[in-house]
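By convention here, the first residue in the shown sequence is residue 1.
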Amino acid sequence: QVQLVESGGGLVQAGGSLRLSCAASRRTTSTSVVAWFRQAPGKEREFVTSITWSGSVLYYADSVKGRFTMSTDNARSTVYLQLNSLKPEDTAVYYCAAGSRQSTDPLVYSYWGQGTQVTVSS
């Protein structure tokens, strides 16, 4: 079993920044890809970005391109999501997920963290 633990959410003003972290208890072939999703109240879970632990493949949703950056620290089995130029519409619970392949479909990912709240005030 793999556990994912997110941290780093909070309340920030529009235009501000946050850095989210996701620590994995271990890395296996079934968790070779790590993704971030987000879910706002009353909305479906939305793909944000994904990366392989090698960092060689990286995808971003159009809504966050140029503002969010995902990176890995293999030594710590941790991935980071840097959120810059935040907007009120970025307000959501952000979830870290791990799976065996890249996809924007949340059903592809077998392991999920508990989520961390990001709130952006206008």
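Nearest heavy atoms, E6 versus G115: OE1-N, 2.8 Å. The nearest pair of heavy atoms linking V108 to S103 is CG2-OG, 3.5 Å. Here the shortest heavy-atom pairing between A92 and A40 reads CB-N, 3.8 Å. Counting all heavy atoms, side chain and backbone alike, S17 lies closest to S85 at OG-N, 4.3 Å. Among all heavy-atom pairs drawn from T69 and Y60, the shortest one is CA-OH, 3.2 Å. Heavy-atom minimum distance, I51 versus M70: CG2-CE, 3.4 Å.
In this model, no donor atom of one side chain and acceptor atom of the other lie less than 3.5 Å apart for D73 and T78.
A continuous path of ILVMFWY side-chain contacts below 4.5 Å connects V118 to V34, so both sit in one hydrophobic cluster.
Counting heavy atoms from C-beta outward, L81 and T49 have side chains that approach closer than 4.5 Å. T116 has its side chain within reach of L20: a pair of non-hydrogen atoms, C-beta onward, lies under 4.5 Å apart. The shortest distance between side-chain heavy atoms of S122 and Q13 does not fall below 4.5 Å. By the 4.5 Å heavy-atom criterion applied to side chains, F68 and N84 are not counted as neighbours. Looking at L86 and L18, their side chains come closer than 4.5 Å, going by heavy atoms from C-beta outward. Between W36 and V79 the shortest side-chain heavy-atom distance falls below 4.5 Å.
Remark: V33 engages S50, T52, Q102, Y109 in a side chain to side chain contact (heavy atoms under 4.5 Å, CB included) (not counting sequence neighbours). Taking F47 as the reference, F37 meet the ring-ring contact (aromatic ring centres under 6.0 Å, His included) condition, with sequence neighbours excluded. Residues meeting the side-chain hydrogen bond (donor to acceptor under 3.5 Å, both in side chains) test with E89, sequence neighbours left out: none.
Side chain of R67 to main chain of S63: a donor-acceptor pair is present (N/O by atom type, distance under 3.5 Å, no hydrogens or angles).
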Side-chain donor-acceptor pairs under 3.5 Å in residues 93-100, sequence neighbours left out?
residue : atom : partner : partner atom : Å
Y94     : OH   : R38     : NH1          : 2.9
Y94     : OH   : D90     : O            : 2.7

Side-chain donor-acceptor distances from residues 21-28 under 3.5 Å, at least two apart:
residue : atom : partner : partner atom : Å
S25     : OG   : Q3      : N            : 2.8
R26     : NE   : Q1      : O            : 3.3
R27     : NE   : S77     : OG           : 3.3
R27     : NH2  : N74     : O            : 3.1
T28     : OG1  : S30     : N            : 3.2
T28     : OG1  : S30     : OG           : 2.8
T28     : OG1  : T31     : OG1          : 3.4

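Note: Q117 CD to T91 OG1 = 7.0 Å, rounded to the nearest 0.5 Å.
Screening residues 100-119 for salt bridge (Lys or Arg N to Asp or Glu O under 4.0 Å) gives no qualifying pairs among residues at least two apart or on separate chains.
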